[in-house]
Amino acid sequence: MKHITTSPAYSINSDLGIGQSNWDWPEHLAIGQTAMHKLFKTVALEPAGKSMALPVSKQPLDVDTMRFVDPLKPQRNISGEQFLNRRLFNDALLVMHKGEVVHESYRNGMQENDRHVIHSCTKSLCSMIAAIAIDEGLLDPAQEISHYVTELGSIAAWQGVSLQHVLDMQAGIFYSEDYSNPEAHYWGYARAAGYYPPLQGESAIGVRAWIFENLTTRNHAPGTRFLYNSCLTNILGMALESAYNKDLGNIFEEVLYQHIGAESEGYFNTDPLGFPITEGQFSLRLRDFARCAFPMINGGKNLAGEQLLPVDFIERTVTANAEAKRAYQAEEKDRVFSEGQYKNKFWVIAPEERQFTMLGIHGQFAWFDLNRELMIVGMGSFPKQDGQLMSINLRTLWTTIAEAIDC
């Protein structure tokens, strides 16, 4: 691991005035999300040895010419090219079927050597590392999280919150991540972490300090409700540092990144104090994102067939669970994935069909269909962080490609 940005310029394009305060405006996302290392302190995770080639199928899938139901006009069909560009605002797409790439494409100015931030898909990668640590006996999912992050031990709200509650976002801690509400906790956290400039009277105090100062109230019993809380994954990162007695960037590099056969460095952004923002600030080339995700569709094995993840981790994640489904819908109803659940930082959107996904704001994903041996990886610049329309667009993409694979 090496440092590549120690003093951020906070500017991406000075001529257009694109920088820390407006990198995520819809018209700026295409460049903002490929230049996060200019806004944060950044370390590079280095590959180990020769990259592992992604096998390429002799029967490619031409997604651009496929026909998709138009989510905005469901009585009409549009081409894949129109759907990807004008509905999903996709930047890059890769499809693997039965271990072979059947489609790879780039658009919206992105090229194959660009790195694109994968936002909250980073959470799922952190969970994969946690699964390895659990398998090695370094972490215990039933143990209280304060055993690993001792600062939480003095906060009464965290009593009884286990590592598994943190993995499943069922900690019961009062928090709001409503991106449409400027008063939501998330925005104060994001400024403290360095996503945006501090407001007057604030300072970029870093991830740790913000969590310990602000996540101090419980509003539900642990294990009863799913409530999306990005900060919980930073707490998982702190637990990993305690378990391995190493910096989180080194853990990501040594435990995961150097075992997936990466072709290039991965850029990990840190907060102002140097803590890697594991809830959402990892930037990768599309093919390296696919390499990171591939073990989840390959029985936990990397491209070389080496067992990277515990053999039961995928099944424990994807198996349908009535209690998990109740918790998933208890706080806020998901009308698009009404049968879904959230487990180990993966969105298990159709557990009976063994379909699940990593998800990140603005259209980042790695979607898996275990029955079809199908993986679809995408990077995007959807104008809003999230929302029902983006979910419908993603579901349309995944199901249409899955049906085309069956033909």
Side-chain angles (χ1 to χ4, degrees), residues 2-45 81-82 84-93 104-122 179-180 182 186-204 206 263-274 276-277 279-289 360-364 378-387 390 393:
K2 63 183 181 183
H3 293 266
I4 62 168
T5 306
T6 55
S7 299
Y10 300 116
S11 173
I12 294 173
N13 185 316
S14 57
D15 291 338
L16 295 177
I18 303 173
Q20 189 186 30
S21 63
N22 60 10
W23 64 268
D24 62 345
W25 289 9
E27 64 268 35
H28 298 163
L29 280 168
I31 185 173
Q33 294 185 117
T34 59
M36 302 304 286
H37 60 286
K38 296 182 179 181
L39 304 180
F40 292 85
K41 291 183 176 181
T42 304
V43 295
L45 308 193
E81 185 274 335
Q82 292 172 314
L84 290 167
N85 279 290
R86 302 297 300 168
R87 296 295 182 262
L88 195 53
F89 298 87
N90 177 259
D91 296 332
L93 185 71
E104 181 180 352
S105 59
Y106 301 85
R107 54 193 56 82
N108 199 21
M110 186 169 172
Q111 298 179 350
E112 64 180 27
N113 291 334
D114 289 335
R115 294 176 185 83
H116 193 296
V117 63
I118 62 172
H119 292 299
S120 290
C121 295
T122 314
Y179 302 119
S180 66
Y186 172 79
W187 296 108
Y189 155 74
R191 292 189 296 270
Y195 280 82
Y196 310 102
L199 299 179
Q200 186 173 3
E202 291 182 339
S203 60
E263 65 187 45
S264 184
E265 297 171 338
Y267 285 0
F268 213 153
N269 299 321
T270 80
D271 72 5
L273 304 182
I277 305 172
E279 55 85 5
Q281 276 298 317
F282 198 29
S283 295
L284 295 165
R285 292 184 182 179
L286 175 66
R287 287 192 291 265
D288 283 338
F289 184 18
I361 56 172
H362 298 299
Q364 324 313 315
M379 296 166 161
S381 291
F382 193 80
K384 289 183 64 179
Q385 287 95 341
D386 63 357
M390 190 179 81
N393 289 345

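None of these values were measured; they are calculated from a predicted model.
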Any sub-3.5 Å donor-acceptor pair from [X]'s side-chain atoms to [Y]'s backbone N or O?
X: Q33; Y: G380; value: yes
X: T42; Y: F40; value: yes
X: N22; Y: G17; value: yes
X: Q364; Y: I361; value: yes
X: N13; Y: L16; value: yes
X: D271; Y: P276; value: no

Does any donor atom in the side chain of [X] or [Y] lie under 3.5 Å from an acceptor atom in the other side chain?
X: D114; Y: T34; result: no
X: S264; Y: R287; result: no
X: T122; Y: Q281; result: no

If you round to the nearest 0.5 Å, how far is [atom2] of [Y] from [atom1] of [X]?
X: D288; Y: R115; atom1: CG; atom2: CZ; result: 8.5 Å
X: S180; Y: Q385; atom1: OG; atom2: CD; result: 9.0 Å
X: M36; Y: I277; atom1: CE; atom2: CD1; result: 8.5 Å

Provide the full list of side-chain hydrogen bond (donor to acceptor under 3.5 Å, both in side chains) pairs with a residue in residues 186-203, sequence neighbours left out, each pair given once. D24-Y196, Y189-N234, Y189-E279, R191-E202, Y195-E279
Any chance the rings of H362 and F382 have centres within less than 6.0 Å? no
With a 4.5 Å limit on heavy-atom distance, are the side chains of [X] and [Y] in contact?
X: K2; Y: L45; value: no
X: V117; Y: S283; value: yes
X: Y267; Y: H37; value: yes
X: I4; Y: V43; value: no

Identify, with sequence neighbours excluded, every residue that meets ring-ring contact (aromatic ring centres under 6.0 Å, His included) alongside H116. none
Could you tell me which residues satisfy side chain to side chain contact (heavy atoms under 4.5 Å, CB included) with E81, sequence neighbours excluded, listed by chain and number? D64, S79, N85
Least distance between heavy atoms, [X] atom then [Y] atom:
X: A35; Y: I12; answer: CB-CG2, 3.9 Å
X: G360; Y: H119; answer: CA-CB, 4.1 Å
X: P272; Y: A204; answer: CG-CB, 3.6 Å
X: N90; Y: N108; answer: O-CB, 4.0 Å
X: G194; Y: Q20; answer: O-NE2, 3.1 Å
X: M110; Y: Y106; answer: O-CB, 3.2 Å

Could you go through the side-chain contact (heavy atoms from CB on, under 4.5 Å) check for R285 and E263 one step at a time? CA-CA 9 Å; R285 292 184 182 179; E263 65 187 45; 3.4 Å; yes
If the plane angle is over 60° it's perpendicular, under 30° parallel, otherwise tilted; pick one for F282 and F268. tilted
Using side-chain contact (heavy atoms from CB on, under 4.5 Å), reason through S105 and R107 one step at a time and then give a plain yes or no. CA-CA 7 Å; S105 59; R107 54 193 56 82; 2.7 Å; yes
Trace of the side-chain contact (heavy atoms from CB on, under 4.5 Å) decision for K38 with T5: CA-CA 7 Å; K38 296 182 179 181; T5 306; over 6 Å; no
Would Y179 and D386 count as a side-chain contact (heavy atoms from CB on, under 4.5 Å) here? Give the steps. CA-CA 8 Å; Y179 302 119; D386 63 357; 3.6 Å; yes
